[in-house]
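Read through the structure below, which is laid out as structure tokens, and then see the notes.
Along the sequence shown, the residues carry numbers beginning at 1. Any value given below was found using the heavy atoms of this structure, including those in side chains, with hydrogens, waters and symmetry copies removed.
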Amino acid sequence: MASEDQISLFEASTTSNQTALPQDFNPDLIPTDAKIPIPPGTYQTMEQIAVHCNQCYRCALGQTRTHAVIGRGNPKASIMIVGEGPGQNEDETGIAFVGKAGQLLDKILASVQLTETDVFICNVVKCRPPGNRDPEKGEIEACKGYLLEQIRMMNPKIILLTGKYAMLTLLGIKQGITKVRGQWVEKDGRLYMPIFHPAYLLRNQSREKGGPKWLMWQDIQAVRAKLAEIGG
Ligand code: URA
């Protein structure tokens, strides 16, 4: 398919705490307070994380959520995509990226023949920040242990960071996304690439060469090529 046609489709360490788990450790008994660490190895499945997040009060977002949103897709895939936090649709359904931004993300993936079986899509914070405001530092810190557990369990080769909060949380990069998008960063044996958040693409509809959608098209093709190269 010509790249112009493809563009038109777009009408969507981790090793902070290595303390050994006590023999009798039971994740159901973790006090849901942000000051209590979530040691690596706490969880064995995404379902366990879902159960815990739905009764989590490590930050105030627990008081306003309808559902915690853990992620969708294949937890055994080679690619993890990390967004910011659930919006209204996600809060209501408990499913990640089901609103307009998520639909666009699915189209972007489909443009290089990637589907839900090739990726796992999750967020930096698992509960919706009220009014879709940006997640606060304390909320990100409180929730980070769950994301690190998801990465440890899934062990993805490639992690795509959509937008500044994913980039800041997992790579500590404070530069603007436009400066660093499309660049591979190797860390802890994984390849990370910051990319535009699909919501940003929804606000910037231009398809001109060099514009956000065109750049996203370059980036997703690079991801596709890298996946083939590493045999994912
Ligand atoms: N935006 C995000 O960052 N995550 C979602 O799940 C939905 C919209």
Side-chain angles (χ1 to χ4, degrees), residues 1-12 46 67 69-126 128 132 134 147 150 154 156-167 170 176-178 180-184 191-230 232:
M1 195 184 282
S3 75
E4 290 303 318
D5 294 336
Q6 290 279 17
I7 293 168
S8 71
L9 289 170
F10 294 170
E11 267 173 280
M46 297 291 177
H67 295 105
V69 178
I70 306 314
R72 70 171 163 96
N74 179 2
K76 295 198 167 88
S78 299
I79 303 177
M80 175 184 265
I81 302 175
V82 184
E84 192 173 301
Q88 184 177 358
N89 293 298
E90 291 77 20
D91 177 67
E92 282 168 11
T93 58
I95 305 170
F97 276 97
V98 284
K100 286 213 168 76
Q103 289 161 24
L104 178 56
L105 179 59
D106 286 345
K107 281 188 185 175
I108 292 167
L109 294 171
S111 73
V112 289
Q113 289 80 48
L114 292 173
T115 69
E116 259 201 5
T117 53
D118 303 302
V119 298
F120 184 78
I121 307 172
C122 60
N123 283 302
V124 169
V125 293
K126 311 303 184 207
R128 182 191 182 202
N132 294 348
D134 292 342
L147 178 60
Q150 289 183 298
M154 185 179 161
K157 293 178 177 155
I158 292 174
I159 302 185
L160 304 180
L161 306 167
T162 71
K164 75 171 175 183
Y165 290 99
M167 195 170 73
L170 290 176
I177 191 85
T178 45
V180 291
R181 56 130 284 279
Q183 295 177 32
W184 291 109
L191 287 167
Y192 292 77
M193 184 195 276
I195 57 174
F196 286 130
H197 194 289
Y200 175 76
L201 300 181
L202 289 172
R203 294 192 297 270
N204 292 271
Q205 293 285 347
S206 162
R207 290 175 196 173
E208 272 171 37
K209 189 170 178 192
K213 283 191 179 173
W214 185 86
L215 291 170
M216 178 60 113
W217 168 233
Q218 309 305 308
D219 295 348
I220 201 67
Q221 285 183 97
V223 171
R224 197 30 155 151
K226 183 62 76 179
L227 188 65
E229 184 190 316
I230 63 178

Find the distance between [atom1] ([X]) and [atom2] ([Y]) and round it off to the nearest 0.5 Å.
| X | Y | atom1 | atom2 | value |
| --- | --- | --- | --- | --- |
| Ser111 | Met216 | OG | CE | 9.0 Å |
| Phe97 | Thr162 | CZ | OG1 | 4.5 Å |
| Ile95 | Asn89 | CD1 | CG | 10.0 Å |
| Thr178 | Lys164 | OG1 | NZ | 11.5 Å |
| Met193 | Ile159 | CE | CD1 | 13.0 Å |
| Gln88 | Thr93 | CD | OG1 | 10.5 Å |

Non-neighbouring partners of [X] that pass side chain to side chain donor-acceptor pair (under 3.5 Å), sequence neighbours left out:
| X | answer |
| --- | --- |
| Gln183 | none |
| Arg72 | Asp106, Glu116 |
| Glu90 | none |
| Tyr165 | Asp134 |

Any [X] side-chain heavy atom under 4.5 Å of [Y] side chain:
| X | Y | result |
| --- | --- | --- |
| Pro212 | Tyr200 | yes |
| Thr115 | Leu109 | no |
| Ile195 | Ile108 | no |

Determine whether Leu147 and Leu170 satisfy the following criterion, side chain to side chain contact (heavy atoms under 4.5 Å, CB included), listing intermediate values before the conclusion. CA-CA 9 Å; Leu147 178 60; Leu170 290 176; 3.9 Å; yes
Mind listing the closest non-hydrogen atom pair of [X] and [Y] along with its distance?
| X | Y | answer |
| --- | --- | --- |
| Ala101 | Ala199 | CB-N, 4.0 Å |
| Ala96 | Asn123 | CB-ND2, 4.3 Å |
| Ala166 | Gly83 | CB-O, 4.1 Å |
| Gly176 | Met167 | C-CE, 4.4 Å |

Considering residues at least two apart in sequence or located in another chain, which fulfil the salt bridge (Lys or Arg N to Asp or Glu O under 4.0 Å) criterion with Lys226?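 Residues passing salt bridge (Lys or Arg N to Asp or Glu O under 4.0 Å) with Lys226: Glu229.
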Could you pull out all donor-acceptor pairs under 3.5 Å where a side-chain atom in residues 74-82 meets a protein atom, sequence neighbours excluded?
from, atom 1, to, atom 2, distance (Å)
Asn74, OD1, Lys76, N, 2.8
Asn74, ND2, Thr117, O, 2.9

Quick one: do Gln205 and Lys213 satisfy side chain to side chain contact (heavy atoms under 4.5 Å, CB included)? Show the steps, please. CA-CA 7 Å; Gln205 293 285 347; Lys213 283 191 179 173; 2.9 Å; yes
After noting the C-alpha distance and the side-chain angles of Leu227 and Leu114, does the key distance pass the side chain to side chain contact (heavy atoms under 4.5 Å, CB included) rule? CA-CA 11 Å; Leu227 188 65; Leu114 292 173; 4.0 Å; yes
Quick check against the 3.5 Å criterion: does Arg224 have a side-chain atom that pairs as donor or acceptor with the backbone of Val112?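 Confirmed, Arg224 side chain pairs with Val112 backbone.
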Report yes or no: does Gln150 contribute a side-chain atom to a donor-acceptor pair with the main-chain N or O of Ile70 at less than 3.5 Å?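 A pair under 3.5 Å: yes.
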